[in-house]
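Please read the structure below before turning to the comments.
Remember, it's 1-based here, ligands and their atoms both numbered in the order they're listed. Just so it is clear, the structure is predicted and the values come from calculations on it, not from any experiment.
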Amino acid sequence: MELPHVTALECTLCGASYDPEQLLYTCPEHEGVRGILELRYDYGEVLDRFDEELDGAIDSQWKYRAFLPVDPSVDPVSLGEGGTPLLNAPQLGAELGIDVRVKDEGRNPTGVLKDRASSVGVTKARAAGYDVVTCASTGNAAASLAGYAARGSIPCRIFVPGDAPEGKLAQPLVYGADVLAVEGSYDEAYDLSMAVTERYGWYNRNAAINPFLVEGKRTVGHELAEQTRDSVPDWVVFAMGDGCTVYGGWRGFREFDELGFVERTPRFLGVQAEGASAIHDAFHDHDDVDDVAETVADSIAVGRPRNTVKACKALSESDGDAVVVSDEEILAAERLLGHTEGIYAEPAGATPVAGVRAARRAGIIEPDDSVVVVVTGNGLKDTDAALSAGGEVDPIAPTIEEIDSRYGESA
Ligand SMILES: *Cc1c(COP(=O)(O)O)cnc(C)c1O
Ligand SMILES: [Zn+2]
């Protein structure tokens, strides 16, 4: 594995520096997974290899390959992830009373933004000759990893909490993964996957700790910067679970700003569910933090986020903020996205829209501000939640009179 453009793997706590060509998950100097590592790049080298036009034509995230910690001679394991559209959303904007655009990440190959990270992770695992890839997940990371493992022809074993939505378990099964439903919470599934990684040496995709995974999520920031070059929004809005997605997005955007590709950076708004609000609470210095995780938005139902520090960094460095929203507001946002713009989101994917409403109410987002909401996941992932958001079907008699009585001129 040759990484000429990566200078170090650096501990975000103590600053210790490690060889980026080895696989290290966290800094061994600290207890547990506290010592989150981060890659450092030589931007001279990166720019030497980056000769793309920033013209908005984005085939896949591999347009930004020069920025990814992957050996330049390795073929990526790809399903065409990234390159998702940034949609104008005038009807949604009219409802929210604000200028809003939607980055639709539900269009990724397995239906979630996480495909950006999975593609990088499986590419690295395959190049390094790992026999098995694994992760713990509330569902989406598992399905995403399983899809890329199938594509890269590596066995995949995943740990999911017992109560993950069925739709989310069907997908990795079809991709051929072993799906181990842990009788317990996401946090228990996570701890088990870590113990197994240590004992068996499988490649662990857990984006919260695998420093290479979050690097893939930077490409959503690169794309947002490229797609908004002429019109950088005042705010970019992300849902937060473990917190690494908002951080990846921020780092990508900031990199493009530092390199002079865009003129400024947006403020980042992180949105959590009321029932799983640990990052929000830490950002606002609440000390009554508990680790329950109860929300209809299962993808962000994280009681003990592993990337609180990084997420808070993204929010504070960007002069951003954090808000929480209720499950009712999340389901209403799912319905609103569908009704106004034809965009089908799972609850976590719609959460940023609910967050915009909350932030407008709180005066965080001003009426003249422009906003990009990042819809992180597709509605097909969670049909049960969609049914609670969408309402009831109408049973009707198979007669034309029935239709006349509803839609006919005299009706
Ligand atoms: C994983 C996920 C998130 C949250 O990402 P974190 O990095 O855990 O904060 C949000 N939305 C969807 C659809 C996800 O799958
Ligand atoms: Zn350290």
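- Under the 3.5 Å distance criterion, with hydrogens and angles disregarded, no donor-acceptor pair is assigned to the side chains of Thr84 and Asp104.
- The aromatic rings of Tyr130 and Tyr203 sit perpendicular to each other, their planes meeting at more than 60°, with 30° as the lower class boundary.
- Angle SG(Cys14) to the Zn ion (ligand 2) to NE2(His30): 110° [nearest 10 degrees].
- When each atom of ligand 1 is checked for a heavy atom of Glu346 under 4.0 Å away, the hits are 13 (C).
- In the model, Ser78 has a side-chain atom that pairs as donor or acceptor with a side-chain atom of Glu81 under 3.5 Å.
- Residue Ile300 touches ligand 1 through its side chain alone, judged by heavy-atom distances below 4.0 Å.
- For the 3.5 Å distance criterion, the side chains of Tyr43 and Glu255 qualify, holding a donor opposite an acceptor.
- Geometrically, ligand 1 and Gly243 share a nitrogen or oxygen pair separated by less than 3.5 Å.
- Side-chain contact, Asp327 with Thr295: a donor N or O sits under 3.5 Å from an acceptor N or O.
- Of all protein heavy atoms, the one closest to atom 7 (O) of ligand 1 is Thr245 OG1, 2.6 Å.
- Of the heavy atoms in Asn140, only side-chain atoms (C-beta onward) come closer than 4.0 Å to ligand 1.
- With respect to atom 12 (C) of ligand 1, the closest heavy atom belonging to the protein is Thr376 OG1, 3.3 Å.
- For the pair SG of Cys27 and SG of Cys11, the angle whose vertex sits at the Zn ion (ligand 2) is 110° to 10 degrees.
- Two rings, from Tyr41 and Phe67, have their centers 6.0 Å or more apart.
- Close contacts of ligand 1 with Met240, meaning ligand atoms under 4.0 Å from a residue heavy atom, involve 9 (O).
- If you number the atoms of ligand 1 from 1 as listed, the ones under 4.0 Å from a heavy atom of Gly377 come out as 13 (C).
- Contact atoms of ligand 1 toward Asp242: 6 (P), 8 (O), 9 (O) (distance under 4.0 Å to a heavy atom of the residue).
- Checking Gly241, Pro347, Ala301, Ala311 against atom 9 (O) of ligand 1, the nearest heavy atom belongs to Gly241.
- Arg101 and Ser231 share a donor-acceptor pair across their side chains, judged by distance under 3.5 Å alone.
- Within the 4.5 Å cutoff, the side chain of Arg406 has heavy atoms near those of the Asp394 side chain.
- Of all the listed residues (Glu105, Lys217, Lys114), Lys114 holds the heavy atom that lies closest to atom 3 (C) of ligand 1.
- When only modelled atom types and interatomic distance are considered, Ser119 and Trp62 share a side-chain donor-acceptor pair under 3.5 Å.
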